[in-house]
2 protein chains.
Amino acid sequence: MAEYPPFAVTVDLVVLTVRADQLCVLLVRRGIEPYRGAWALPGGFVGIDEDLPAAATRELAEETGLAEPAGHLEQLGTYGHPRRDPRGRVVTVAWLALLPDQANPVAGTDAASADWLPLSQLSPGQLAFDHDRVLADGVERARAKLEYTPLAAAFCPPEFTVAQLRGVYETVWGTRLDPRNFHRKVTGTPGFVAPVGRATEGDRGRPAQLFRRGPAPLLHPPMLRPDQTGQTGS
Amino acid sequence: MAEYPPFAVTVDLVVLTVRADQLCVLLVRRGIEPYRGAWALPGGFVGIDEDLPAAATRELAEETGLAEPAGHLEQLGTYGHPRRDPRGRVVTVAWLALLPDQANPVAGTDAASADWLPLSQLSPGQLAFDHDRVLADGVERARAKLEYTPLAAAFCPPEFTVAQLRGVYETVWGTRLDPRNFHRKVTGTPGFVAPVGRATEGDRGRPAQLFRRGPAPLLHPPMLRPDQTGQTGS
DNA sequence: AGCCATTATCGTCATGGCGACGACAAAGGG
DNA sequence: CCCTTTGTCGTCGCCATGACGATAATGGCT
């Protein structure tokens, strides 16, 4: 194999969460060159005997301090432009993680500091390497997957209300959804959510029923995103 | 960079086409170890200065003799189990290609012979490396994408009839679709297909209108797959 | 030529999901 | 005790869809 071009292989993570009605991404501030001082997606090199999902899970645990008990992790795509890293030929396998807002301490295991940044505060060209595009692809994937999978629940704690779930959709899609129709849709789609039997207490307004993720892997029919065709004036 | 584990990076192609009412995949017979004599997905090593999409396009051109004029090519996923290749640590970026049945000569640029094989004739464990799984993922992706994209047209020549398009769906999904409802759906979804203005001649039955691919990147609403819960007699 | 098989295309009708919205239930705060 | 807030259930009309029937336009056959 020595006759073939040697590559370095890394994993990078697009870790998304919803907190305070904002879609946020986990970013680290780079402590070394290149792009020293810039924000970047968390990630690292894959060990020579390490499987790719294992590397992604390991990095996620290192950066967030949790072993993905809840949430969701899937492969997003691979990016390998010859000059994406000035140090040499690095191919990175990007992963998308959706996590509930667990107020992670995000203790930087590495020297770099990490933090949740709202997507609305990020401007293009702000991230190191090609991470702007990776992040954009991840967000796009997340938005699309909310339509036809029950993955919105990955942003919620194990038990959640219909309103919390609706809040996830509204935040990720940037739209408003009718509470009554949303309630009908969620509770009416088989396998989307499963009732716990208990209700919230202590909040404002009428207590809400608690639910868990249902067993359905896909939403049939899908959750429809409202008409996004701008045109404010009807 | 020499301090980081060296990987070999390859691209592998899942090239699908529809011919004779069969979903077929382009496979090559391996001429060297490992897996000598076994069928495998076409692919090869990525050049040290070569971009990943460029490598995929190059391999596709080498194996099929065409520069992807029609059809569709997208990244499928990356597979990198530490022992997927006995020769060493090889990470492969798999790509999915959908092509019209152009009766490609499939002149083996490499010494290996290549051919179209119907999926129905393949049994699990028949392909080299982890290509069984890569192929399964590719087919699954293709089936899913027919639902919400106009990509079925990628299996057709530049100009095609509604019936040809329906045949693609029926073959890839393994179902039957009502010709009248399908016609209404296809011609009624904006941007799915664009009428050419001419019609076929010389075939059996009434001449059919010719269409081209429309500009829509997504199908709204999606093409629904018939209830697959049918317990067939088998 | 005439009939028929074949394929393409248009219509009709009932059903079901969804958007818009009204109504009621169940809590807390003044 | 009323009012506000939030959750849940119902109703109505529209539209896309599945299940057909009907008609149009060809080729093949006798």
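When reading the values below, keep in mind they use all heavy atoms of this one structure, side chains included, and skip hydrogens, waters and symmetry mates. Chain identifiers are assigned alphabetically (A, B, ...) following the order of the sequence lines, protein sequences preceding nucleic acid strands; residue numbering begins at 1 within each chain.
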*Asks:* Between B/Met223 and B/Gly205, name the one whose nearest nucleotide on DNA chain D is closer to the 5' end.
*Replies:* B/Met223
*Asks:* So, B/Asp137 and B/Arg133, do they make that salt bridge, N to O below 4.0 Å?
*Replies:* yes
*Asks:* Has the side chain of A/Asp203 got a donor or acceptor atom sitting under 3.5 Å from an opposite partner on the base of C/dA27?
*Replies:* no
*Asks:* Is the backbone of A/Gln126 close enough, under 3.5 Å, to the side chain of A/Trp39 for a donor and an acceptor to pair up by distance?
*Replies:* no
*Asks:* Is A/Asp130 reaching over with its side chain to a backbone N or O of A/Arg84, donor-acceptor style, under 3.5 angstrom?
*Replies:* no
*Asks:* Expressed as a whole number of angstroms, how long is the span from A/Arg206:CZ to D/dG7:C1'?
*Replies:* 5 Å
*Asks:* Looking at the base of C/dG17, is there any donor atom on it, or on the side chain of A/Arg184, that sits under 3.5 Å from an acceptor on the other one?
*Replies:* no
*Asks:* Can you tell which of C/dA8, C/dT9, D/dC9 lies closest to the side chain of A/His183?
*Replies:* D/dC9
*Asks:* Output the single nucleotide from D/dA16, C/dA8, D/dT8 whose closest atom is nearest the side chain of B/Ala208.
*Replies:* C/dA8
*Asks:* Could you state the CG-C1' distance from A/Leu177 to D/dG7, rounded to the nearest angstrom?
*Replies:* 16 Å
*Asks:* Measure from NE2 on A/His220 to C1' on C/dG17 and round the result to the nearest Å.
*Replies:* 15 Å
*Asks:* Does A/His81 use its side chain to pair, donor to acceptor, with the backbone of B/Asp51 at less than 3.5 Å?
*Replies:* no
*Asks:* Heavy atoms from C-beta onward define the side chain here; which of D/dT8, C/dT9, D/dT17 lies closest to that of B/Pro221?
*Replies:* D/dT17
*Asks:* May I ask you to check whether A/Asp12 and A/Thr92 show a side-chain donor-acceptor distance below 3.5 Å?
*Replies:* yes
*Asks:* Whole angstrom is fine here: how far is it from CG in B/Asn181 over to P in D/dT17?
*Replies:* 9 Å
*Asks:* Aromatic contact between B/Phe211 and B/Phe160, with the criterion being ring centroids under 6.0 Å apart: yes or no?
*Replies:* no
*Asks:* Between D/dT26 atom P and B/Gln209 atom CD, what is the distance in whole Å?
*Replies:* 11 Å
*Asks:* Whether B/Arg166 contacts C/dA8 is assessed here as follows: a side-chain N or O lying under 4.0 Å from the phosphate OP1 or OP2. Is that the case?
*Replies:* yes
*Asks:* Calculate the interatomic distance between B/Arg225 atom CZ and D/dT17 atom P; express it in whole Å.
*Replies:* 16 Å
*Asks:* Would you indicate which nucleotide in C/dC18, C/dC21, C/dA8 comes nearest to any side-chain atom of A/Asp178?
*Replies:* C/dC21
*Asks:* If you check every side-chain atom of B/Pro207, which of D/dT8, D/dA22, D/dT26 has the closest atom?
*Replies:* D/dT26
*Asks:* Tell me what A/Glu201 touches on the nucleic acid: a base, only sugar-phosphate, or nothing, going by heavy atoms under 4.0 Å.
*Replies:* nothing
*Asks:* Under 4.0 Å between any heavy atoms, over every strand shown, what does A/Ala163 touch: base, sugar-phosphate, or nothing? Just pick one.
*Replies:* sugar-phosphate
*Asks:* Nearest whole Å is fine: how far is C/dT9 C1' from B/Leu210 CG?
*Replies:* 15 Å
*Asks:* Expressed as a whole number of angstroms, how long is the span from A/Tyr169:OH to C/dC18:C1'?
*Replies:* 15 Å
*Asks:* Measure from the side chain of B/Leu224, starting at C-beta and using heavy atoms only, and say which of C/dT7, C/dA27, D/dT17 lies closest.
*Replies:* D/dT17
*Asks:* When you measure from the side chain of B/Lys185, which nucleotide among D/dA16, D/dG7, C/dC18 comes out closest?
*Replies:* D/dA16
*Asks:* Report yes or no: is there a donor-acceptor pair, N or O only, under 3.5 Å between the side chain of A/Arg180 and the base of D/dG10?
*Replies:* no
*Asks:* By nearest atom, which of the nucleotides C/dT9, D/dT5, C/dG19 is closest to the A/Arg204 side chain?
*Replies:* D/dT5
